[in-house]
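Report on the structure given below.
Lettering follows sequence order; numbering is per chain, from 1.
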Amino acid sequence: MIAGIDFGAPSHEVARCLIGTFVLVDGVGGRIVETEAYDRTDPASHSFSGPTERNGAMFGAPGHAYVYLSHGIHWCLNFVCREEGHGAGVLIRALEPLAGLDLMRQRRGLDAMRGLCSGPGKLCQALAVTRAHNGASLAAAPFTLAAADGEHAVVAGPRIGISKAVEVPWRFGLAGSPFLSRPFR
DNA sequence: CTTAGGATCGCCT
DNA sequence: GGCGATCCTAAGC
C-alpha cells in the first residue's frame, strides 16, 4: 500500500482509486484528476506482446513507475500495478496543479497558458519526468504520494488516442474537474 | 469551437 | 521501415 492505494489490484481498480490522490515529483505536482488503465490482456497495452527492453518496468514490481517516450516528443508516466510480472499499469493523464506552479510554468514555457498538466505529455514536462524515472519506486524520492482527502465522484469513459480496444471504458476522471485533458461525454 | 496535419525518435517486425 | 497510450498550430465554420 502506498498512500492508501493497493497497487496489487487490477489496473482498472487502481486507476479509479488513484483519482483524487496527490502526487509530487521533487515537490512539484498536484491532485490526480484523470487516469487510464492498461492490462496484459489488452491489445492497446504496451505489455500485450510480452516484455521487451522498452516496457520492462511494466513487468516489474507494482508501485513503481513506467515512463516511455511517445511520438519521439512526449514522455508519459504510468504506475505499475497488479502482481509482479503481469504487465499492467495506469497512465496518469492529468493533474490539478497545486505545488511548484512557478517551476511548472517555467518548464512548460509560453504554452503554459493552455494548461499546465492537462495531458500525459504536458504533465511530464511540468514535473520534469523523463526516462530517468523509469522503474523508480513510487514510495521513495523523488516521488511523493499522498492519500486523497475525502471521497470523489469518479466518471468513466473510453480511452483516448488509441486504435485498438477503443470502446473499453477504462478512462477515469474526477467529475466536473476543469483540469481534464478532455471532457467526458 | 472543431478539425486536420505535421513534428520527431525509439521500438518492434 | 513503419508506427505510436500526444501536442500544437493553422485554417475553416
Query raised in the report: For A:I162, which contact category applies under a 4.0 Å heavy-atom criterion: base, sugar-phosphate, or nothing?
Result: sugar-phosphate

**Report entry** Nucleotide pairing, DNA chain B (Watson-Crick or G-U, distances under 3.5 Å), in dot-bracket with [ ] and |
**Finding:** |||||||.||||.

Query raised in the report: CG of A:D39 versus C1' of C:dA5: gap in Å, rounded?
Result: 14 Å

Report task. Compare the minimum distances between each of B:dC11, C:dC7, B:dC9 and the side chain of A:L69, then state the nucleotide with the smallest one. Result -> B:dC9

**Report entry** Any A:R54 side-chain nitrogen or oxygen under 4.0 Å from OP1 or OP2 of C:dC3
**Finding:** no

Requested in this report: Figure out the CE/P separation between A:M58 and B:dC11, and round it to whole Å.
Outcome: 15 Å

Query - Nucleotide C:dT6, atom P - distance to CG of A:N78 in whole Å - result: 11 Å

Query raised in the report: Is any side-chain heavy atom of A:R82 less than 4.5 Å from a side-chain heavy atom of A:F7?
Result: no

Query raised in the report: Which class fits the ring pair A:F79 and A:F143: parallel under 30°, tilted 30 to 60°, perpendicular over 60°?
Result: perpendicular

Report task. Step through it carefully: locate the ring centre of A:H46, locate the ring centre of A:Y68, and say whether they are under 6.0 Å apart. Result -> yes

Query raised in the report: Rounded to the Å, how far apart are A:W75 CH2 and C:dT6 C1'?
Result: 14 Å

Query - Distance in angstrom units between A:H74 NE2 and C:dC8 C1', rounded - result: 8 Å

Query raised in the report: Shared ILVMFWY cluster between A:L95 and A:L101, side chains joined below 4.5 angstrom?
Result: yes

Query raised in the report: Under 4.0 angstrom, heavy atoms only, what part of the nucleic acid is A:R159 near: base, sugar-phosphate, or nothing?
Result: nothing

**Report entry** Check ion pair A:E36-A:R93 (N to O, under 4.0 angstrom)
**Finding:** yes

**Report entry** Value in whole Å for how far the C1' atom of C:dT6 lies from NE2 of A:H46
**Finding:** 11 Å

Query raised in the report: Which listed nucleotide (C:dA5, C:dC7, B:dG10) is nearest to the side chain of A:K122?
Result: C:dC7

Query raised in the report: Does the distance from a Lys or Arg side-chain N to an Asp or Glu carboxylate O, for A:D42 and A:R159, drop under 4.0 Å?
Result: yes

Requested in this report: Flag as yes if A:Y68 stacks onto the base of C:dA5 (centroids under 5.5 Å, planes under 30°), otherwise no.
Outcome: no

Query raised in the report: Taking atom C1' of C:dA5 as reference, at what distance in whole Å does atom CZ of A:F172 sit?
Result: 15 Å

Query raised in the report: Roughly, in whole Å, what's the span from CD in A:E167 to P in C:dA5?
Result: 16 Å

Requested in this report: Calculate, to the nearest 0.5 Å, the distance between atoms CD1 and CD1 belonging to A:I92 and A:I32 respectively.
Outcome: 4.0 Å

Report task. Pick base, sugar-phosphate or nothing for A:R171, based on heavy-atom distances below 4.0 Å to the nucleic acid. Result -> nothing

**Report entry** Nearest-nucleotide comparison on DNA chain B, the residue closer to the 5′ end among A:G72 and A:N55
**Finding:** A:G72

Query raised in the report: Can you find a heavy atom in the side chain of A:N78 that is under 4.5 Å from one in the side chain of A:V90?
Result: no

Report summary line: Of A:K164 and A:L123, the one whose closest nucleotide on DNA chain C sits nearer the 5' end is A:K164

**Report entry** C:dT6 OP1/OP2 closer than 4.0 Å to side-chain N/O of A:R93
**Finding:** yes

Query - Comparing A:L77 and A:Q125 on DNA chain C - which has the more 5′ nearest nucleotide - result: A:L77

Query raised in the report: Does C:dT6 have OP1 or OP2 sitting under 4.0 Å from an N or O in the side chain of A:R182?
Result: no

Report task. Assess whether one donor atom and one acceptor atom, taken from the side chain of A:H71 and the base of B:dA7, lie less than 3.5 Å apart. Result -> no

